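Data block below; observations after.
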Amino acid sequence: MKKIVVVGSINMDLVTNVEAFPRPGETIHSLGVGYQPGGKGANQAVAAARSGASVQMVGAVGTDSFAQTLIDNLAGSGVDTAGILRKEGHSGLAIITVDRSGENHIVLAGGSNKAFAFGEIEGRIAWDEAHAVLLQNEIDRETTAAVMREAKRRGVPVWFNPAPAVKPEPSLLPLIHTCILNETEIEVITGAKVSGAEDAERAAGRLLEAGVTQVVVTLGDKGCVRAGRDGESVHVPAFKVRAVDTTAAGDTFIGAMAAASSEGKPVMEALRFAAAASALAVTRHGAQASIPSRDEVERLLSGSIRK
Ligand code: ADP
């Protein structure tokens, strides 16, 4: 089985719960604190590995006390971590404050995620064994663009999740095999208003025209739409579940779909697998903690568990 190579962010999420947000200059007491490994790159790597794929994570942690924890956490989910650099300075941090109503404030400190260039990781990527290379928007933009160009040159499909949403250079779009994004992201990228499956399919068409081979727009509890240059468009409904926390739903979907595809599953099957994995993820709290195992996904698909 070929590998899924994720080149992306690795963060520690520092989550603190408060009754109400402090005003500028105010000091308040927290109700609780959590340290949760995160980052879109790492989340997608964990999702692909728990889905049964062979996964290589390429990126960077810092020289702070979180660095080893972040690496151990990935390794603990079965991700190959040999491609992770250590850069002087702090690891990627997300400082998250959540109030009683569930509203949050997030400060992202990219740290080592933003501190590596393509030349430093090029030799670490398992190009010859790669089924696909997965990229997001949480590392340096130039590094991402260089990975896309080299992957294209080597014939390795690029899977791109443009999150957080930034309009990509038009010249990069033809380098992308599979673009997976949510409604907000496709709105930013295409400029089209997207609400629901029909709009999503229309906006996806713009990305296909611009050179992307396959587009998957995730629509929360409305499922997802897939459109391709092969002319096949499908709407895959979401599994009906009781959602308690949608954090990392998109990351779970992407990792699971990539994993299914690396096993040679046809696209419809890969989409259903991803829909099942992400449905399970929203029934649980947390980011990586909510990502299900392959066994759980298969049980949902076979109808032997109901959530
Ligand atoms: P993001 O987390 O990037 O905003 P979405 O909210 O579109 O992504 O969710 C990604 C996928 O997770 C959806 O395509 C769907 O399969 C699944 N999902 C999200 N919310 C729900 C829900 N309430 N019930 C079932 N599945 C869901």
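Since the model is a prediction, treat every value here as computed from it, not as a measurement. Whatever order the structure lists them in is the order used to number ligands and atoms, beginning at 1. Worth knowing before you read on, the calculation uses all heavy atoms, side chains too, and leaves out hydrogens, waters and symmetry mates.
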Legend entry - Best match, Ala200, Ala163, Gly220: closest heavy atom to atom 27 (C) of ligand 1: Gly220

Inset, instruction - Examine the side chains of Arg86 and Thr63 and answer whether a donor and an acceptor come within less than 3.5 Å of each other. - result: no

Inset, instruction - Examine the side chains of Asp99 and Ser101 and answer whether a donor and an acceptor come within less than 3.5 Å of each other. - result: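 Short answer, yes.
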
Legend entry - Atom indices of ligand 1, in the order listed, that fall short of 4.0 Å to a heavy atom of Ala243: 23 (N)

Protein contact of [atom] - nearest heavy atom, named by residue and atom, plus distance:
atom: atom 9 (O) of ligand 1; result: Ala249 CB, 3.7 Å
atom: atom 2 (O) of ligand 1; result: Gly250 N, 2.9 Å
atom: atom 14 (O) of ligand 1; result: Gly223 O, 2.9 Å
atom: atom 17 (C) of ligand 1; result: Ser278 OG, 3.2 Å
atom: atom 24 (N) of ligand 1; result: Val241 CG2, 3.5 Å
atom: atom 25 (C) of ligand 1; result: Phe239 O, 3.2 Å

N or O pair under 3.5 Å between [X] and ligand 1:
X: Ala274; result: no
X: Thr218; result: yes
X: Asn182; result: yes
X: Ala238; result: no

Legend entry - Glu185 (side chain) donor-acceptor with Asn182 (main chain) under 3.5 angstrom: yes

Inset, instruction - May I ask you to identify, for Asp221, whether its side chain, its backbone, both or neither come under 4.0 Å of ligand 1 on a heavy-atom basis? - result: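 Both of them.
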
Inset, instruction - Indicate, as side chain, backbone, both or neither, the part of Leu219 found under 4.0 angstrom from ligand 1 when only non-hydrogen atoms are considered. - result: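 Backbone only; the side chain of Leu219 stays clear of ligand 1.
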
Legend entry - ILVMFWY cluster, Leu135 and Ile10 together (side-chain gap under 4.5 Å): no

Inset, instruction - Identify whether Val194 and Val225 are in the same connected component of the hydrophobic contact network (ILVMFWY, side-chain heavy atoms under 4.5 Å). - result: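 Yes, Val194 and Val225 fall within the same hydrophobic cluster.
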
Legend entry - Residues, nucleotides or ligands: over 12 heavy atoms within 6.0 Å of Glu198 CD: no

Legend entry - Residues, nucleotides or ligands: over 12 heavy atoms within 6.0 Å of Glu88 CD: no

Legend entry - For Ala126 against Gln56, the heavy-atom pair lying closest together: N-OE1, 3.0 Å

Inset, instruction - Using the six-membered ring wherever Trp is involved, compare the ring planes of Tyr35 and Phe66 and label them parallel, tilted or perpendicular (cut-offs 30° and 60°). - result: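 Ring orientation, 0 to 90° scale: tilted.
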
